[in-house]
Participant: 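A single structure is presented below for examination.
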Amino acid sequence: MGKIKVTFPDGTIKEFDKGITTEAIAKTISTSLAKKAVAGNFNDQLIDYQQGLVEDGTLKIITKDSPEGLQVLWQTGAILLASALSELYPKMHFGEGKTTEHGFYFDTDNVDGQVAETEFEKISQKMKEFVKANVTIEYKVLSEQEALKAIDGDPYRMELVKKIAAENNGQVAVHVLGNFVDVSRGAKLAATKGVKIFQLLSVAGAYWKGVSSNPMLQRVYGTSFFKQKDLEAELKRRQEARERDHRVIGNDLDLFFVDPKVGAGLPYWMPKGATIRRTIERYIIDKEVSRGYEHVYTPILANLDLYKQSGHWDHYREDMFPPMDMGDGEMLELRPMNCPSHIQIYNRHIRSYRDLPLRIAELGMMHRYEKSGALTGLSRVREMTLNDGHTFVTPDQIEEEFKQTLQLMVSVYSDFDITDYRFRLSYRDPKNTHKYFDDDEMWEKSQKMLKAAMDDLGLDYYEAEGEAAFYGPKLDVQTKTALGGEETLSTIQLDFLLPEKFDLHYVGADGEEHRPVMIHRGIVSTMERFTAYLTEMYKGAFPTWLAPQQVTVIPVKNDLHLGYCEQLRDRLVANGVRVNIDERNEKMGYKVRQAQVNKIPYILVVGDKEVAEKGVSVRRYGQDNSKEVKIEDFVNEILADISSYSREVK
C-alpha cells in the first residue's frame, strides 16, 4: 500500500497509508477530537468522515461546533428526508437536496399529488425511525451505468447522473441511505443517529434547475441542529421573520400586490403603499436638492448602442431584457442602469471647471432580466426605481465630494432611524478579466484613492475583493436587515472608465480640455427595496411621518359626534396630516382594535365630553392608555412628531 502526505492547518505534514479516512486521522490526534469530528475538508472540499484519502493534500478536520459541521448535518438531513419520502411515496421522483442559510431542502415530484404540510408528522415519524435504527449512510463511487441502474428511471436524477459522469470521467459519487440513492453533492454524516434534532418547516414550488420552462417541482424545507437549544433559537428566529416579512405585512396592510396575470416581479402599489413611497420620494428629492443636486427625468428606453458604448452590454448582458427591433435597424433597450442617460445630460453642454462638481440625480426607472425563481416581493423585482445620482468632478475634488456624499448618506440614515450598518470597500478580483474592465493602472489608482479617502475620514471599514462594479471600486453600506441578514443599501462608486468611453471633457482654468471623474451614488437604493427594508425594520408600524394613515378619528355616535369629527379632520388635513374618519356602523371597541391592527400612529376618540370641551381623547399605537388634550395641543404634537421624523426631540 502506498503512502500519502497530509498537511494540517498549522503547517504540520504527516505521512499516512493511502486510503486512510479522516476518522482514522482524527483518532491519531486525540480521542476527544475524533468524538467531535463529523467530516473533513480535504483540498478545500468537504468530504465524508469515512471517505478514504488517496492523494497528497491539505486536511482540516471538521467538528460539530463549526459552520462547516452544520453544513454536513444539513446535507445529512436532506438525504434523511428524501429517504423517508421515498418509502412513504414510492412513485415520487427527486431532484437535488441542498443546504440553505438556515437548513436544507429536497426537490420532489410526486405523480400522485404533492406533499402537504399536514403530512409532516407522518414524514417526521419515518425520519425518526431511520435515526433510531442508526442506519449507515454509505459513500460509493459508481460508473455511469451503475448509477443509472441504481436510481431506477428517476428522470431528474438521471439528468444529474449524466452531468456528473461527464464532468468526472464517467464516475458518479453517490450516498446510499436505505433504498434511496442520492446523487446530490456534499458530505454527509456516517450514520443517521446524528440527525436526532430536526424540524420540517414548509413546502414551496421551485422550477427544475430554476428555469421557468422546466417542470415545477415541490421543495420540502427542513432544518436540524446538534443541540435542542439551537433548534429552538432557529424556530424563534423564523417566527420573527414571518412577523416581519414585508410580503405578509404588505398584504395585511394592503400596501402592494403582484398579479401573475401581469407578470412576476411587477408590483402594483396600492394607495397606502403608494403614500409611503411618495413620502420617501419627496423626502429624498428635497434632501438632495438642498445639497446641490439637480433632479432630471430621462427615458427608460435607449438605443442599444448606448449600452454597448458604456460596456453594460458586454458585462451585464445576462441581466438585461432582449433588445426590441424597431424594424428600421434601430434597436431599443429597456435600460438596466441610469448612468449612460446622465452622461448624455453632461454632454448636452460644454462644461467648465467652474461648473464642477455637477451633481445630477433622478428617481430613475430601470428593468432587470430576473428569473421568476429569484423574485421576492418588493425586494427583488423586474422593474424598479432607483434613487440614483452621478457627480462629475475634477480629480482634486474627489475626496471632498466623497465626504459630502457620505455625510448626506449618514444624515438620511439618521432620519429613518437606521443605525445597524457597516462600510465595505469593494475591490475587483484581478483574476476575473471577464467581469471587470481590463485596466490595471486605472484599478490600482481608483482603489487607492477610495481607501485613502476613507482613512482620511477616520471611518471603520472592511475590504472585499470581487465585489466592485465592472467599471470601478466602490464603498458599499451594508445594513443589517430586521431578519438578521445583510444587504447593500447604499453605495458610492468611483468611475474613471465611463468618462473615457464617452470622451467627456471640461475646460480647465488653463483653457485646456481635461477629463472629469464620475462618482455614482445611490442613497436609499430602489424605492421597492427600500420600502421592503423599512416595512420589515418597522414591522409595519411606520413612524408617523411615513405612515400611510397617520390619524383615525372615531366618533362614539355618528349622529351626535360626526360633525365635530369632520371639523377636526378638515383642520388636520389643512396642516398636511393624513387622516380618515371611521364612521362604520360598528362598536367603538372594534374600531379601536382595527386601528391598532392597521398600526395607525394616532387614534382619536370623540364623544360628548370631547365635543363640549373642544378636545380629543388620544391613544398612540401600541399603548393601552388614552389622554385628553385640546385640539390645538394635539395639532402641535403631531406636527412636531412629523417634522422631527418621529424622533425624540432632545
Side-chain angles (χ1 to χ4, degrees), residues 65 67 70-71 73-74 77-78 80-81 97-106 114-125 127-128 195-206 218-258 273 276 373-380 417-421 479-487 489 529-543 547 593-600 621-624:
D65 55 0
L70 204 53
Q71 290 293 317
L73 176 64
W74 288 340
L80 177 63
L81 167 62
K98 292 186 177 181
T99 63
T100 66
E101 189 178 357
H102 299 286
F104 59 85
Y105 68 79
F106 224 105
Q114 303 289 36
V115 173
E117 292 185 14
T118 53
E119 298 172 80
F120 277 1
E121 185 175 347
K122 176 178 67 174
I123 300 167
S124 296
Q125 189 57 44
M127 293 171 69
K128 289 175 183 177
V195 201
K196 292 179 181 177
I197 301 166
F198 68 86
Q199 179 93 25
L200 297 184
L201 300 168
S202 61
V203 294
Q218 184 182 48
R219 184 164 290 178
V220 183
Y221 288 93
T223 193
S224 183
F225 291 89
F226 289 110
K227 296 178 181 178
Q228 181 66 32
K229 68 175 184 178
D230 293 334
L231 175 61
E232 292 170 357
E234 172 61 15
L235 295 178
K236 183 178 180 181
R237 187 201 67 80
R238 287 177 178 272
Q239 178 60 33
E240 175 73 6
R242 281 191 290 271
E243 292 175 359
R244 289 187 181 272
D245 191 325
H246 78 276
R247 294 166 297 180
V248 175
I249 295 171
N251 182 67
D252 291 344
L253 299 184
D254 200 23
L255 304 181
F256 74 95
F257 70 93
V258 178
I276 296 169
L375 301 170
T376 308
L378 291 178
S379 58
R380 195 77 177 264
D417 199 26
I418 299 170
T419 57
D420 197 353
Y421 59 88
T479 55
K480 260 298 182 56
T481 69
L483 308 183
E486 189 176 68
E487 66 181 25
L489 196 61
R529 176 172 287 188
F530 194 55
T531 302
Y533 173 82
L534 293 178
T535 301
E536 294 182 350
M537 186 180 85
Y538 297 132
K539 213 171 180 177
F542 293 93
R593 286 192 298 273
Q594 284 300 109
Q596 293 277 20
V597 167
N598 290 324
K599 304 183 180 184
I600 299 171
Y621 170 75
Q623 297 181 0
D624 295 327

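The first residue in the sequence is number 1, and the count goes up from there. Keep in mind it's a predicted model, so treat the numbers as computed, not measured.
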Participant: Mind listing the closest non-hydrogen atom pair of T223 and L231 along with its distance?
Facilitator: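 Taking every non-hydrogen atom into account, CG2-CD1, 3.8 Å.
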Participant: With under 30° as parallel and over 60° as perpendicular, where do the rings of H246 and F256 fit, or are they tilted in between?
Facilitator: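 Plane angle under 30°, so parallel.
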Participant: Can you check whether L489 reaches I418 side chain to side chain, under 4.5 Å on heavy atoms?
Facilitator: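 In short, these two side chains touch, coming nearer than 4.5 Å.
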Participant: Hey, is E232 close enough to K229 for a salt bridge, meaning N to O under 4.0 Å?
Facilitator: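 No, E232 and K229 are not salt-bridged.
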Participant: Where do F120 and L201 come nearest, in terms of heavy atoms and distance?
Facilitator: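 Minimum heavy-atom contact is CE2-C, 3.6 Å.
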Participant: Could you give the distance from CZ (R247) to CZ (R242), rounded to the nearest 0.5 Å?
Facilitator: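 Reported to 0.5 Å precision, the distance equals 12.0 Å.
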Participant: Distance from F226 atom CZ to D65 atom CG, nearest 0.5 Å?
Facilitator: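 Result: 9.0 Å between the selected atoms.
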Participant: Counting only heavy atoms not in K227 (residues, nucleotides, ligands), do more than 12 fall under 6.0 Å from its NZ?
Facilitator: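 Atom NZ in K227 is not packed in, count stays at 12 or less.
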Participant: Could you pull out all residues at least two apart from F104 that satisfy ring-ring contact (aromatic ring centres under 6.0 Å, His included)?
Facilitator: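 In terms of ring-ring contact (aromatic ring centres under 6.0 Å, His included), with neighbours along the sequence ignored, F104 is linked to no residue.
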Participant: How many angstroms lie between atom OG1 of T419 and atom CE of M537, to the nearest 0.5 angstrom?
Facilitator: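 Reported value, rounded in 0.5 Å steps: 8.0 Å.
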Participant: Please round to the nearest 0.5 Å and tell me the distance separating atom CD of Q596 and atom CD of Q623.
Facilitator: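 Separation between the atoms: 9.0 Å.
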Participant: Do Q125 and E121 pair up side chain to side chain, a donor and an acceptor below 3.5 Å, judged on atom types alone?
Facilitator: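 Side chains of Q125 and E121: no pair found under 3.5 Å.
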Participant: Crowded around K98 NZ? As in, over 12 foreign heavy atoms under 6.0 Å?
Facilitator: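 Open: at most 12 neighbouring heavy atoms sit under 6.0 Å from NZ of K98.
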Participant: Check whether any side-chain heavy atom of Q114 sits under 4.5 Å from a side-chain heavy atom of E119, and report yes or no.
Facilitator: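 No, side chains not in contact.
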Participant: How would you list, by chain and number, every residue that makes a side chain to side chain contact (heavy atoms under 4.5 Å, CB included) with L375, sequence neighbours excluded?
Facilitator: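 With neighbours one apart ignored, the set is A264, E370, R382.
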Participant: Once rounded to the nearest 0.5 Å, what's the spacing between atom NZ of K599 and atom CD1 of I249?
Facilitator: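 With rounding to 0.5 Å, NZ (K599) is 5.0 Å from CD1 (I249).
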Participant: Can you name the nearest heavy-atom pair linking Y621 to A541, along with the distance?
Facilitator: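 Taking Y621 first and A541 second, the nearest heavy atoms are CE2-CB, 3.6 Å.
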Participant: Does this structure show an ion pair linking R238 with E234, if we count only N-O contacts that are shorter than 4.0 Å?
Facilitator: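 Judged by the 4.0 Å cut-off on N to carboxylate O distance, R238 and E234 do form a salt bridge.
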Participant: Please find the pair of heavy atoms, one from Y533 and one from K480, that lie closest to each other, and give the distance.
Facilitator: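 For Y533 versus K480, the nearest heavy atoms are OH-O, 3.6 Å.
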Participant: Determine the interplanar angle of the Y538 and F542 rings, folded into 0 to 90°, and report it as parallel if under 30°, tilted if 30 to 60°, perpendicular if over 60°.
Facilitator: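 Geometry flag for F542 against Y538: perpendicular rings.
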Participant: Taking all heavy atoms of S224 and all of V195, pick out the closest pair and write down the distance.
Facilitator: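 Result for this residue pair: OG-CG1, 3.5 Å.
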Participant: If you round to the nearest 0.5 Å, how far is OH of Y221 from OG1 of T100?
Facilitator: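 Reported value, rounded in 0.5 Å steps: 7.5 Å.
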